[in-house]
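Below is one structure, written out as C-alpha cells; comments come after it.
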Amino acid sequence: MKLDTSGLESAAPLFGVTSELVDGFSSAPSFELPVTTDFDGFQKEAIQMVKPARGTTTLAFIFKEGVMVAADSRASMGGYISSQSVKKIIEINPYMLGTMAGGAADCQFWHRNLGIKCRLHELANKRRISVTGASKLLANILYSYRGMGLSVGTMIAGWDETGPGLYYVDSEGGRLKGTRFSVGSGSPYAYGVLDSGYRYDLSIEEAAELARRAIYHATFRDGASGGVASVYYVGPNGWKKLSGDDVGELHYKYYPVMPSTVEQEMVEVAGA
Amino acid sequence: MTKQQANWSPYDNNGGSCVAIAGADYCVIAADTRMSTGYSILTREYSKICKLADKSVMASSGFQADVKALQKHLAARHLIYQHQHNKQMSCPAMAQLLSNTLYYKRFFPYYAFNVLGGLDSEGKGCVYTYDAVGSYERVGYSAQGSGSTLIMPFLDNQLKSPSPLLLPAQDAVTPLSELEAVDLVKTVFASATERDIYTGDKLEIVILNADGIRHEYMELRKD
C-alpha cells in the first residue's frame with residue numbers, strides 16, 4: 001500500500017546540508033510501521049493500551065447569514081476525563097474553521113497539516129483556497145490512510161468566493177457537502193435539538209442560541225461530552241468567536257432552581 | 001491449524017507519576033524515581049525528568065525505554081535547531097516538536113505519557129500535557145502516569161482556574177507562589193504514594209524560574 005506521505009514532508013534543509021547527522025531528520029519523515037503479520041490486531045491492542053484522547057460533540061450548519069459552528073471541550077481517555085478545555089474548533093485560517101471529533105491527536109495533526117497546505121496553495125496560486133478544495137485535500141489524505149486506524153470526524157466550514165461552505169470529512173474517506181451536520185458521540189442528542197429548531201432565515205443571535213442549546217443538551221445526556229460550549233460564526237469577513245459558556249452554568253440558566261414553598265419546617269429540638 | 005499468535009509484546013509499563021505546575025514566573029516539574037515492572041521494583045533511583053532546553057523540562061512516565069528513545073530524539077533535534085538558528089528552542093516550539101515526534105509514531109506509538117514544563121518567551125510558566133500519540137494542550141497544571149487519576153482531582157480542587165475557552169475571557173493564572181507550589185507537589189506525591197503501588201521511593205522536583213534551574217529531593221515511602 002503506497003502511503004501518501006506528501007503531507008509529512010518537512011521543509012528542505014537549510015543551506016543544503018547533507019551531512020550524516022542531518023539526513024536522518026530532515027529528509028521526508030515517513031510513518032514508521034510496526035513489523036508484524038497482524039497489523040490490525042497490533043493497532044487494536046496498541047490503541048487499547050495507549051488509550052489516546054478522544055473528543056465528542058460538534059455541530060455546524062449553514063443559514064442565511066453564514067455558517068454557525070459549535071463544539072464542547074471534553075476529552076476522555078477510556079473512562080477518565082483527560083481534559084475539560086480542549087480546543088475542538090480549530091482555526092485553519094482567518095476564514096476557515098475545522099472541528100475535531102474522534103482521535104484528538106489525529107485531528108490536531110491533520111488540521112495543522114491542512115492549514116499548511118492551504119497556505120502553500122495561497123502562495124502558489126495568489127488566491128485563497130476554496131472550502132471545496134480544502135476539504136478535498138483533507139479527504140484525500142485521510143483516504144490514503146484508510147483502514148489503518150485513524151479516527152477523524154471533522155467538518156470544514158468556511159466562507160469563500162461562492163459564499164458559505166460546509167463539508168463533512170471522515171477517516172473512512174467520506175466527504176459530504178451539506179447544510180447541517182453534527183459529529184461525535186453526542187451528535188444524536190445535538191441533532192434532535194438542532195433539527196427541530198432550524199430555519200434557514202435565523203438571525204445570527206438566534207442561530208448562536210440554537211447551536212449553544214444543541215451542544216448543551218448533548219453534554220447533558222452524553223457522558224463523553226462536557227466542559228465549555230464554544231460557538232463560532234463564519235461570515236463574509238471571516239470567523240468570529242461568539243461565546244464560550246460552561247455547560248454547568250448553562251444548565252442553571254436554562255433550568256433555574258425554583259425555591260420551593262416549605263410546608264412544614266423542621267425545628268431543632270432543645271437537648272433532652 | 002490455527003495461526004500462532006505472538007505472545008511477546010514490544011511494550012512494558014514501568015509505572016510512576018509525573019506532575020507539573022505553572023505559575024506567574026516559575027514552573028515546577030516533579031516525578032517520583034521508582035521504576036517497576038509487574039510487581040517488582042527494578043530500581044528506586046531512576047530519573048524520569050529530562051532537561052530538553054534551557055527553558056523546557058520534560059517528565060515522562062510509561063515505558064522508560066520508549067521515553068529514553070524519545071528524549072534522545074528530541075535532544076538531537078534540539079541540537080540541530082541550535083546549529084541552524086543560533087539560539088535555544090522556546091518552550092512552545094519544543095511543545096509542538098514533541099507533539100509531532102509523538103505523532104510520527106502514530107502506528108507504533110511511543111508508550112510515554114509526558115508533561116512538558118517551562119517558561120514561555122514572556123517568562124511566564126507554561127505546562128503542556130500530552131497523550132501517547134501527540135495530542136497536546138497548554139494548561140496551568142497537569143499530572144500523568146499511574147498516579148495521575150489520584151493526583152489530578154486534588155490539583156483540580158486546589159488549582160482549578162476558569163477555562164481558557166470561556167468568552168468573555170477570564171484570567172487563569174495559578175495564584176500560588178513558588179514555595180507554595182513546591183509544597184503542594186510534595187503533599188500530592190506523599191498522598192499518591194499511599195495509594196498507588198507504582199509511586200514511591202523518592203521525589204525529584206525541578207523548579208524553573210528567571211534565575212535558572214533548581215533541584216530538590218524528598219524521600220517517599222519505600223513500600
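Naming convention: chains lettered A, B, ... in sequence-line order (proteins, then strands); numbering from 1 in each chain.
- For A/K253, the NZ atom is densely surrounded, since the number of other residues' heavy atoms within 6.0 Å is greater than 12.
- At distances below 3.5 Å, at least one donor-acceptor pair connects side-chain atoms of B/R106 with backbone N or O atoms of A/G149.
- The parts of A/L150 that come within reach of chain B are both its backbone and its side chain, each placing non-hydrogen atoms under 4.5 angstrom from that chain.
- Inter-residue side-chain proximity for B/M152 and A/Y80 is flagged as met; some heavy-atom pair is nearer than 4.5 Å.
- For the atom pair OG (B/S99) and CD (A/Q108), the distance works out to 6.0 Å, reported to the nearest 0.5 Å.
- Here B/S148 contributes atom OG and A/M77 contributes atom CE; the two are 7.5 Å apart, rounded to the nearest 0.5 Å.
- Here A/D106 is the residue among A/D246, A/I81, A/D245, A/D106 with the most heavy-atom pairs under 4.5 Å with chain B.
- Summarising the local packing, OH of A/Y143 is surrounded by 12 or fewer heavy atoms from other residues, nucleotides or ligands at distances under 6.0 Å.
- The environment of CG in B/N86 is sparse: at most 12 heavy-atom neighbours from other residues, nucleotides or ligands sit within 6.0 Å.
- The 12-atom threshold is exceeded at NZ of B/K105, counting heavy atoms of other residues, nucleotides or ligands nearer than 6.0 Å.
- A donor-acceptor pair shorter than 3.5 Å can be found between the side chains of B/E137 and A/S83.
- If you measure heavy-atom distances from A/S85 to chain B, the contacts under 4.5 Å come from both the backbone and the side chain.
- From B/S135, atom OG reaches atom CE of A/M100 across 7.0 Å, with rounding to the nearest 0.5 Å.
- Residue contact with chain A, scored on non-hydrogen atoms closer than 4.5 Å, involves the backbone and the side chain of B/Y136 alike.
- Classified by interplanar angle (parallel below 30°, tilted 30° to 60°, perpendicular above 60°), the ring pair A/F109/B/Y104 is perpendicular.
- The closest side-chain heavy-atom distance from A/Q43 to B/F108 is not below 4.5 Å.
- Summarising the geometry, atom CG belonging to B/L165 is positioned 5.0 Å from atom NZ belonging to A/K241; distances are rounded to the nearest 0.5 Å.
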